[in-house]
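See below for the structure under consideration.
Proteins get letters first, then strands, A, B, ... in listed order; numbering begins at 1 in each. All values below come from the heavy atoms of this structure, side chains included, with hydrogens, waters and symmetry mates left out.
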Amino acid sequence: MTITPDTARKVAHLARIRVAEADLPALAGELSNILNFMEQLNEVDVEGVEPMTSVTPMRLKWRADVVDDGGMQHKILSNAPDAREGFFAVPKVVE
Amino acid sequence: MLDLTYAAPEPKRIAGAKDDWELVIGMEVHAQIATKAKLFSGASTQFGAEPNSNVAFVDAGMPGMLPVVNEFCIEQAVRTGLGLKAAINLWSAFDRKNYFYPDLPQGYQISQLYHPLVGEGEVLVDMAPGIARLVRIERIHVEQDAGKSIHDMDPAMSFVDLNRTGVALMEIVSRPDIRGPEEAAAYVVKLRQILRYLGTCDGNMQNGNLRADVNVSVCRPGQYEKFRDTGDFGHLGTRCEIKNMNSMRFIQQAIEHEARRQIAIIEDGGAVVQETRLYDPDKGETRSMRSKEEAHDYRYFPDPDLLPLEIEQEWVDGIKASLPELPDAKKARFVLDFGLSEYDASVLTAEVEAAAYFEAVAEGRDGKMAANWVINDLFGRLKKDDRDITQSPVSPAQLGGILDLIASGDISGKIAKDLFEIVYTTGGDPAAIVAERGMKQVTDTAAIEAAVDAVIQANPAQVEKAQANPKLAGWFVGQVMKATGGKANPAAVNAIVTARLGL
């Protein structure tokens, strides 16, 4: 499978990673190599094998419906580049 | 279970410039699951808190924080599935839906694309007595809600509140079985009613706890039937999705407008483009959300932080055994047990609290009479004060007491209305009030005869007129009722007046 520079540009945009136009061909090549490497896995016959979801026989942990977290507006906002009146403030996003 | 039988409604037709058109509508309803804590964190779900105070580090997408699923959210979603007669999948899994938006700090929403918790079910949508649309449910999955962005507090900035981030939602996806704007609104009404009966969602649309995305397409008459026979969407038109509506009125208006927009495009020789649109209630039109189009590449994949969700059949059976009586069954029972019309039964079962109130009043009494009093007198009076049934100053026991006094002949229907007003405004035991205020109906024939005779003697001119024209006898009845303060038994007065006047 080959990733073209166009696809690389799209993937970068979806991930909100800024990539210079000149770097796209090299990046596309690297992504193609990774996919080709992984494609070797397709050679294994997994017909009838259940997908493995955990290396140990574990089940999903559940929690009870109890409020035991939150109430820390200050801590939540402490890393924000900009916060006003208890809100995160971000450059305007309008539909 | 008792069932009433229904005929399907006619699909709505819209006349285009040349031909008639029909609508095909499918809905995705997002219902906030009624819980104390969020889906994957212990932060509160309470509405209206200080911004960013109901937020745990998991909700804020802090590095290294891991989600742990809230058991009760799953239980509530299973209960909802059972209430919609749906298949419950004992094995389901969570997936990541990736997109960027300031109110989604994780950069993805945890949802269930590939293996939803709940499979196919159905909702019977009542349109009129005897007429209902059966809408098939395709699936219900559990997912996180996003935060809230506020755009009007600052000219250059958007403000973000993460209190809603991570609150559990059920997305209830219907098949394209809805055939008009009214049906779409009625579908949401019915779904909301069932969720409220189940206690799995409070149904508060104003707070955004229940909101709907609507998929609308138009087709020529006959095409929809071909689609139902074959399952081939090729028989239907291209659909547009109208996002995020939280009022029944807007849902109807948006569908109506969107259908006409699509018809105009097709009749002009154009083609409808599949896209996401927003309804603008001020302008009464839908507009394209082009900015969302690219984000449609959600790159779903299984969430590696969460193992598959495995539940036991026994646990599901336990939830099933605890289901309350649902609206359809309750309505059918009210019709059959109390002899109510389907319309009255619908009115009484619309809200679960009202249904319980009615049952308490009707227990051991005349069901129809109880229904009339609850619907006309109680509901009417509450509406005047802008109160709902839970705020009724008259308890079921008090209203029942009034009905007992009518049934025993102690008070007339007319006096009962006055008594109701007294109980409504000042409270108290109806029987005691009747005794204290001397409101008892006079059934003693001698007393009524005396009152009739007095009126006849005082009005010789009226007697002559009435004897010439028997219709005027009503005047005497009225005078006697007035003289007795409305307490005389009207039937007895009528009989005695007729006899005394020799009519």
Side-chain angles (χ1 to χ4, degrees), chain A residues 1 3-4 6-19 31 34-35 38 41 46 49-95, chain B residues 35-38 40-46 49-60 62 68-75 93 98-103 105 107 147 149-151 153-163 278 289 291-292 294-295 297 299 302 306-310:
Chain A
M1 191 173 172
I3 301 287
T4 62
D6 272 351
T7 310
R9 185 187 299 113
K10 190 182 172 200
V11 170
H13 175 68
L14 286 171
R16 298 297 188 275
I17 297 172
R18 186 181 297 156
V19 178
L31 289 172
I34 293 169
L35 287 181
M38 296 304 287
L41 290 174
V46 291
V49 180
E50 255 187 56
M52 187 178 77
T53 53
S54 172
V55 281
T56 51
M58 263 181 78
R59 293 190 66 164
L60 181 66
K61 272 201 166 45
W62 295 33
R63 67 186 305 141
D65 184 32
V66 175
V67 176
D68 57 8
D69 210 341
M72 47 179 183
Q73 186 198 57
H74 175 70
K75 282 188 182 175
I76 291 296
L77 296 172
S78 60
N79 286 327
D82 191 358
R84 302 177 199 179
E85 293 171 60
F87 294 93
F88 291 91
V90 301
K92 195 115 177 159
V93 268
V94 184
E95 277 309 327
Chain B
T35 60
K36 296 190 192 79
K38 293 184 179 180
F40 294 116
S41 86
S44 169
T45 58
Q46 189 123 45
E50 270 285 293
N52 293 302
S53 59
N54 290 343
V55 184
F57 290 132
V58 189
D59 310 315
M62 293 293 174
V68 183
V69 72
N70 179 341
E71 170 181 26
F72 191 56
C73 294
I74 305 306
E75 182 180 328
N98 300 280
Y99 67 93
F100 272 96
Y101 205 73
D103 57 25
S149 301
I150 301 163
H151 305 293
M153 284 177 70
D154 187 280
M157 310 295 274
S158 289
F159 284 18
V160 179
D161 174 10
L162 300 182
N163 281 350
L278 263 187
M289 288 173 74
S291 57
K292 280 252 167 167
E294 194 165 41
D297 196 343
R299 297 152 295 146
L306 289 159
L307 286 164
L309 177 61
E310 293 172 89

Pick from [options] with the largest number of heavy-atom pairs that fall under 4.5 Å of chain A:
options	result
B:Asp59, B:Asn163, B:Asp154	B:Asp154
B:Gln46, B:Lys38, B:Glu71	B:Glu71
B:Thr35, B:Leu162, B:Val58, B:Val69	B:Val69

Under 4.5 Å heavy-atom distance to chain B, tell me which part of A:Val90 shows up: side chain, backbone, both or neither. both
Using non-hydrogen atoms only, which part of A:Ile76 is less than 4.5 Å away from chain B: side chain, backbone, both, or neither? both
Can you measure from [atom1] ([X]) to [atom2] ([Y]) and round to the nearest 0.5 angstrom?
X	Y	atom1	atom2	answer
B:Ile150	B:Met157	CD1	CE	13.5 Å
B:Asp161	A:Gln73	CG	CD	9.0 Å
A:Phe87	B:Ser158	CZ	OG	11.5 Å

Can you say whether [X] sits under 4.5 Å from chain A via the side chain, the backbone, both, or neither, judging by heavy atoms?
X	value
B:Pro102	side chain
B:Pro155	backbone
B:Phe57	both

Taking all non-hydrogen atoms of both residues into account, name the closest pair between B:Ser149 and B:Val160 and its distance. OG-CG2, 4.3 Å
Minimum heavy-atom distance between B:Ala60 and B:Pro105, given as atom pair plus value: O-CB, 3.3 Å
Residue pairs meeting ring pair (Phe, Tyr, Trp, His ring centres under 6.0 Å), one or both in residues 65-84 of chain A, sequence neighbours left out, come to none
For A:Val11, side-chain contact (heavy atoms from CB on, under 4.5 Å) partners two or more places apart: A:Thr7
Report the option among A:Lys75, A:Lys61, A:Met72, A:Met58 that has the most heavy-atom pairs separated by less than 4.5 Å from atoms of chain B. A:Met72
